[in-house]
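Read through the structure below, which is laid out as structure tokens, and then see the notes.
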Amino acid sequence: MTNKRVTLDWIKDLVESGDISQFYKTKTWCELARRKRKAEHNECERCREQGRHSPCEAVHHKKYLKKYPELALDYDNLECLCADCHYDEHHKREQLNEERW
Ligand SMILES: [Zn+2]
Ligand SMILES: [Zn+2]
């Protein structure tokens with residue numbers, strides 16, 4: 001974990017460089033993600049809607065970080081997802097994009 005100050009310009013630079021892993025190592029993100037996980041009891045929100053209980057594997061950005069870097073630290077833009085739901089989310093979106101373009 002790093003104490004780097006997270007600014008919008010920095011996030012944009014990371015997105016441009018194609019590697020945003022540094023963002024996920026910042027204390028700012030880790031603390032926000034921890035707060036979100038705690039609020040959701042570390043469960044997948046989509047599975048819970050269907051009455052299932054799956055452990056949260058990822059705190060996902062509903063509006064993708066790459067497209068909306070300004071929402072990177074917006075609590076309301078976060079969603080706790082299990083590994084399956086997270087995979088589906090990104091996989092489906094990618095397919096949609098392929099169909100469109
Ligand atoms: Zn799930
Ligand atoms: Zn995601």
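Order of appearance sets the numbers: ligands from 1, and atoms from 1 within every ligand.
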*Can a donor-acceptor pair be found between the side chains of Glu57 and Tyr87 at a distance below 3.5 Å?*
no
*Side chains of Ser17 and Asp19: donor-acceptor distance under 3.5 Å anywhere?*
no
*Do we see a donor-acceptor contact under 3.5 Å between the side chains of His60 and Glu79?*
no
*So, is His86 placed with an N/O/S atom under 2.8 Å from the Zn ion (ligand 1), counting both backbone and side chain?*
no
*Evaluate the ring planes of Phe23 and Trp10, with Trp represented by its six-membered ring, and classify them as parallel (under 30°), tilted (30 to 60°) or perpendicular (over 60°).*
tilted
*asked:* If I take the Zn ion (ligand 1) as the centre, what angle separates the SG atom of Cys44 from the SG atom of Cys47? Nearest 10 degrees is fine.
replied: 110°
*asked:* Would you say the Zn ion (ligand 2) has His60 as a near neighbour, meaning an N/O/S atom of that residue under 2.8 Å away?
replied: yes
